[in-house]
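Below: the structure, in structure tokens.
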Amino acid sequence: MKDVKMLEKNYTPKDFEEKIYAEWENSGDFKPDMRSDKDAYSIVIPPPNVTGVLHMGHALDNTLQDILVRYNRMLGKKVLWQVGTDHAGIATQMVVERNLAKDGISRHDLGREKFIETVWKWKEQSGGTICKQLRRLGASCDWSRERFTMDEGLSRAVRKIFVNLYKDGLIYKAKKLVNWDSKFMTAVSDLEVIQKETVGKMYYYKYPIEGVEGEFIHIATTRPETMFGDTAVAVSDKNEKLKHLIGKNCIIPIINRAIPIIADDHADPEKGTGAVKITPAHDFNDFEVGRRHDLPLINILNEDATLNENTPFEGMTTLEARAKTIEKLTELGVMEKIEDHPMVIPYGDRSGVIIEPLMTDQWFVDAPVLAKEAIRAVEQGEMEFVPKSYEKTYFEWMRNIQPWCISRQLWWGHQMPIWYGPDETIFCEENEEEAQAAADKHYGQHVELRRETDVLDTWFSSGLWAFSTLGWPDKTEFLDTFYPTSVLVTGFDIIFFWVARMMMMSMYMMKKVPFKKCYIHGLVRDEKGQKMSKSKGNTVDPMETIEKYGADALRFFMAAMETQGRDVNMSEARIAGYRNFATKLWNAARFCEMNECKTVKEFDENKVELAINKWIVAKAKQATADVTQNLNSYRFSDAANAVYQFAWGSFCDWYIELSKPVFYGDDEVAKVETRATAAWVLDRILTILHPFMPFITTELWNNTCENRECKLVHTAWPLNEDIDENALTQIDWAIDLISSVRSLRAEMNLPAGAKLNIILKDADKTSQANIASLNNIICSLARLEKIECADDKCEVTPDMVQHVFKECTILLPLKGVVDFAAERERLNKELDILNKNIEGYVRKLSNASFIERAPAQVVAEEKRRQAEAEEKKAKVEEALARIANF
RNA sequence: GGGUGUGUAGCUCAGGUGGUUAGAGCGCUACGUUGACAUCGUAGAGGUCGCAAGUUCGAGUCUUGCCACUCCCACCA
């Protein structure tokens, strides 16, 4: 341990936070002690995007994890916080492509191999940012075990589980309608599509009926340009007006192709015109209709969402083609009307472009099958959500889950372990050698294989995170010790993306839940409760907040605001408030330092004699038990508030004040005990506050005692202490009495320096004893000259103010305290001024033109002032009456 | 359309199983520089707990209905 230095006058977190973190990391304080036989506790971090920067959501998420991790470490458990980053397929590829675009290079110019090299280079360069920022926040992860979803071990896990799933028939290839992102030219999963409300247009036009001159079927659509892909028009057979057309053909204008009019209930007679054009290759509903009626599929789009050779408008974008189509329809005289139409349009969550349903070959995970075990595990309590209500969301989604499209036509990601033979036979093996061997065996001769170029959805590898980071598929000590992990802490927006997938993957591969609990927190919003977004410009950078207020203040804010799953609204004032709390603690430590309160090793807090010391010890134990209980039940705000209340309310506001008469008195024995107690309490505060504010607590821990036996990070968390309830009552009573006297003084408007003599009437034996033993303290804190007890025979003279206090009465003689003549004069003067003011208000408010012309606010303000003045006047008159006779 | 939350002080929010006087932070008012701290201290003002009915000895808390808002999922030719 290093030398103790005098504490600086001012609390400046910047000066020590980074230095302290470096010390922790360098001395391996965050590594689990694998030789220990204690319980294991583990958390895997939700891996941030490798190219990302820390935002407030991360700050919240990681603060909560760090609190749990530090708390459990202090409980003596063998603790692992597994850290790492995600390769974030689309997001990362996008960033790198954007960078290349600055130099006018596209990824196609480079080619796949070169491009991936560039991404790796970019990762080396910028990948460390978010990890540095996590350190700055104080996250006590084991950095020596940092992983990346694309590193060799994790890639091996991906290949292994893929092959298993494939061979179990749970991964399959299919030609299906999928969400197509035309910017990245890849399929995306349902979850990556966001529906946005927009005002679009509804186009009404008509298709001529084949062979019947002058008869038409009327169509309504929001996407006229898809008509070139129509292969039918559907009408409900319950539609009396239109059902006579069923079985006939109609002609698609412009291209003059005949298509059948079919009967299908998908066409709701109440909606639109009652007739629906069916475009099976470009609409999910139409696809189903097409399947029911065995309709042909006509694809009209290229991969970049321009129209293809199956249309007259090849090469145009959908919007261009739409305009052109309408123009032609109008020329042909079949266009009827165009109306505004509110509708929802699907956009890619990353690309921001409109998502087109497109027929393509893709790979799917049979999620409905995998979901079964994942649902069962939660139903049977093997994994529990906190708060519990989130399991409803989970069940709802899992029970309606669709096959998960896992193939992406990107370059950055895990390339699928799939090889094709010359006749397109699929070989799925963990590596090329095995695939080759399998193929050679299959064909009976050596053949050339072609590898699938698609990569996997990023969430596929994230889904393995809980066990792949611990060494799976190898059998490792860490896997044995730390799997299943203790708790997963994440936001509700990630339940589907990640929590659900982890559950499915773990139940399938490990036959165990990936985590025993899942703590779900809300979103961090701005001061007004609005979602933070770069486009709105209302984001707050946690690094700037840390720079300004310190990481401890930000962390404490996050903990104090975290109430079981509700959103957190940013509040700079509140963060400042918690910085002030840190300052307060700093100054309390300085007070201890000045009064030579040093940690005494052989000190036994259960053997203190002084009432105030017994009291604060009991309070400290109570606060500790409170924090413990709340942390055990993930009630972060309650836990944070319990430390806050104790440190500020009990220790700073009362105990330090109560100790002053001792320190400034001359009872040396009392001084010795109080010094040791104060030091013990300060240590206790540092201990229970450490998970929340690790930096200031460590700095104080290191500088308030020479030769600490243990680092604060590993100091034992006190459990199951006996609380001396009796020790609480006496001082609590004195505190109430002191507060009462202070209120009385303020109410009576007595001079600040006035020394009072107080009589306590009808005091019982306990109160009398309290007055006797705590006389010194009470007089000092309530600023009394003297306090004494009297029985019911005590005479109450007219100059005495009476105030009920519990079962007794406080008598406060004013004679000799207040110069009544001077006070009367002062009050009369005040009354004069108030009267004049009120007169003014009355005059103004009875002035008709003022009422009429002045803004309502001004009038209201004037009325408020009048009411205020009158209220004050009443008080002054009351005070005058009270002293009238003296 | 299906589901889920929320409505408590001027603002932002706490109030696990119904129980004295409903709390916190910030803001506000008055006073205060007293030997850790003005990034502070002391005292204070401010609430018919969304509305209505019900259960109960007792409801912010439980039940029902209504009003307002949030979020998620699906769909809208």
Side-chain angles (χ1 to χ4, degrees), chain A residues 7 9-11 190-191 195 200 202-204 219-224 226 230 233-234 266-268 271-279 283-286 289 341-344 387-390 392-393 395-397 400 492-493 495-496 522-523 525 527-529 531 549 553 557 560-561 563-595 629-630 633 635 637-638 640-641 644-645 648-649 652-653 656-657 660 663-664 738-739 742-747 749-753 780-783 868 871-872:
Chain A
L7 292 173
K9 183 155 195 311
N10 295 315
Y11 164 63
D190 299 344
L191 286 174
Q195 310 287 343
M202 179 72 87
Y203 303 89
Y204 293 84
I219 306 286
T221 181
T222 53
R223 304 199 56 189
T226 61
D230 288 1
V233 170
H266 169 60
D268 183 343
K271 284 188 186 164
T273 61
V276 186
K277 64 193 258 322
I278 302 298
T279 322
D283 182 286
F284 289 99
N285 285 313
D286 292 4
V289 176
H341 181 71
M343 52 195 278
V344 213
K388 197 144 181 82
S389 58
Y390 278 106
K392 278 187 195 163
T393 314
F395 284 141
E396 188 65 24
W397 193 72
N400 297 304
F492 69 88
D493 50 329
I495 294 179
F496 305 144
L523 238 54
R525 296 168 175 277
E527 307 241 352
K528 293 177 202 132
K531 234 181 206 174
Y549 298 104
F557 167 80
M561 297 301 285
T563 52
Q564 298 254 324
R566 291 213 13 187
D567 288 347
V568 169
N569 288 359
M570 278 316 290
S571 161
E572 187 165 353
R574 202 149 179 159
I575 294 171
Y578 292 124
R579 188 269 325 267
N580 294 355
F581 172 57
T583 308
K584 186 78 179 172
L585 187 67
W586 186 267
N587 285 312
R590 287 180 60 229
F591 173 85
C592 290
E593 189 176 61
M594 285 172 187
N595 288 288
Q629 202 196 333
N630 285 316
S633 45
R635 302 178 70 88
S637 74
D638 287 340
N641 286 331
Y644 183 93
Q645 287 303 340
W648 199 319
C652 295
D653 286 350
I656 288 185
E657 294 309 320
K660 281 178 184 172
F663 288 136
Y664 306 142
I738 292 162
S739 299
R742 284 173 177 171
S743 298
L744 203 54
R745 185 193 290 271
E747 241 170 71
N749 219 346
L750 299 179
S780 152
L781 268 68
R783 317 196 123 246
E868 213 175 80
E871 211 174 286
K872 206 164 179 185

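Labels below follow one simple rule: chain letters A, B, ... track the order of the sequence lines, proteins then strands, and each chain is numbered from 1.
- Proximity note for A/S637 (side chain, C-beta onward) versus B/A14, B/U4, B/A36: the nearest is B/A14.
- We find that CZ of A/R783 is positioned 13 Å from P of B/A43, with the value rounded to whole Å.
- A straight line from CG of A/N641 to P of B/G23 spans 15 Å, rounded to a whole angstrom.
- Here the side chains of A/C652 and A/F591 are not in contact, with every heavy-atom distance at 4.5 Å or above.
- Counting only heavy atoms from C-beta on, A/R635 has its side chain closest to B/G16 among B/G44, B/G16, B/U39.
- The gap from the C1' atom of B/G44 to that of B/G58 amounts to 31 Å, rounded to the nearest Å.
- Atom CH2 in A/W648 sits about 13 Å away from atom C1' in B/A36, given to the nearest Å.
- The base of B/U6 does not come close enough to the side chain of A/R566 for any donor and acceptor atom to sit less than 3.5 Å apart.
- Across the protein-nucleic acid pair, A/I495 atom CD1 and B/C71 atom C1' stand 12 Å apart, rounded to whole Å.
- Which of B/U12, B/G16, B/C73 sits closest to the side chain of A/M561 comes down to B/U12.
- Atom CZ of A/F591 and atom P of B/U34 are 15 Å apart (whole Å).
- As rounded to the nearest Å, B/U21 and B/G46 have C1' atoms that lie 16 Å from one another.
- Counting to the nearest Å, the P atom of B/C75 and the CD atom of A/Q195 are 7 Å from each other.
- Computed from coordinates, the A/D638 CG to B/G23 C1' distance equals 12 Å when rounded to whole Å.
- Taking 3.5 Å as the limit, the base of B/A36 and the side chain of A/E657 contain a donor-acceptor pair of atoms between them.
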What would the secondary structure line of RNA chain B be in dot-bracket form, counting Watson-Crick and G-U wobble pairs under 3.5 Å, with [ ] for pairs that cross earlier ones and | for pairs with another strand?
-> (((.(((..((((.....[...)))).(((((.......))))).....(((((..]....)))))))).)))....
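- To the nearest whole angstrom, the two C1' atoms, one in B/G65 and one in B/U29, are 43 Å apart.
- No hydrogens or angles were tested; on distance alone, nothing pairs the side chain of A/Q645 with the base of B/G23 as donor and acceptor under 3.5 Å.
- Atom C1' of B/G15 sits at a distance of 16 Å from the matching atom of B/C62, rounded to the whole Å.
- Base contact: A/R574 has a heavy atom under 4.0 Å from a base atom.
- Both stacking criteria are satisfied for A/Y664 over the base of B/G35: a centre-to-centre distance under 5.5 angstrom and an angle between ring planes under 30 degrees.
- Residue A/T563 is in sugar-phosphate contact alone, with no base atom involved, counting any heavy-atom pair closer than 4.0 Å across all strands shown.
- For the C1' atoms, the distance from B/U33 to B/C28 is 22 Å, rounded to whole Å.
- Nearest nucleotide to the side chain of A/Y644, out of B/A36, B/U42, B/G25: B/G25.
- Using a 4.0 Å heavy-atom criterion, one finds that A/A588 contacts the bases of the nucleic acid, with or without backbone contacts as well.
- Comparing B/C13, B/G41, B/U70 by their nearest atom to the side chain of A/R525 picks out B/U70.
- With distances taken from any side-chain atom of A/R742 to the nucleotides B/C37, B/A36, B/U42, the minimum falls on B/U42.
- Taking the P atom of each, B/G41 and B/G47 are spaced 26 Å apart, rounded to whole Å.
- Sequence order on RNA chain B of the closest nucleotides to A/M202 and A/F581 puts A/F581 first from the 5' end.
- Ranked by how close their nearest RNA chain B nucleotide is to the 5' end, A/T583 and A/N285 are led by A/T583.
- One can place CG of A/D653 at 13 Å from P of B/A24, the figure rounded to the nearest angstrom.
- Comment: A/E593 does not engage A/R590 in a salt bridge, judged by the lack of any side-chain N to carboxylate O separation of less than 4.0 angstrom.
- The P atoms of B/U6 and B/G16 are separated by 12 Å, rounded to the nearest whole Å.
- Between A/R783 and A/R745, the shortest heavy-atom contact is O-NH2, 2.8 Å.
- Residue-level contact check: A/R579 touches the bases, meaning some heavy atom is under 4.0 Å from a base atom.
- Separation of the C1' atoms belonging to B/U17 and B/C13 is 23 Å when rounded to the nearest angstrom.
- In terms of phosphate contacts, A/K660 brings a side-chain nitrogen or oxygen within less than 4.0 Å of OP1 or OP2 of B/A36.
- Looking at heavy-atom distances under 4.0 Å, A/E572 makes no contact with the nucleic acid at all.
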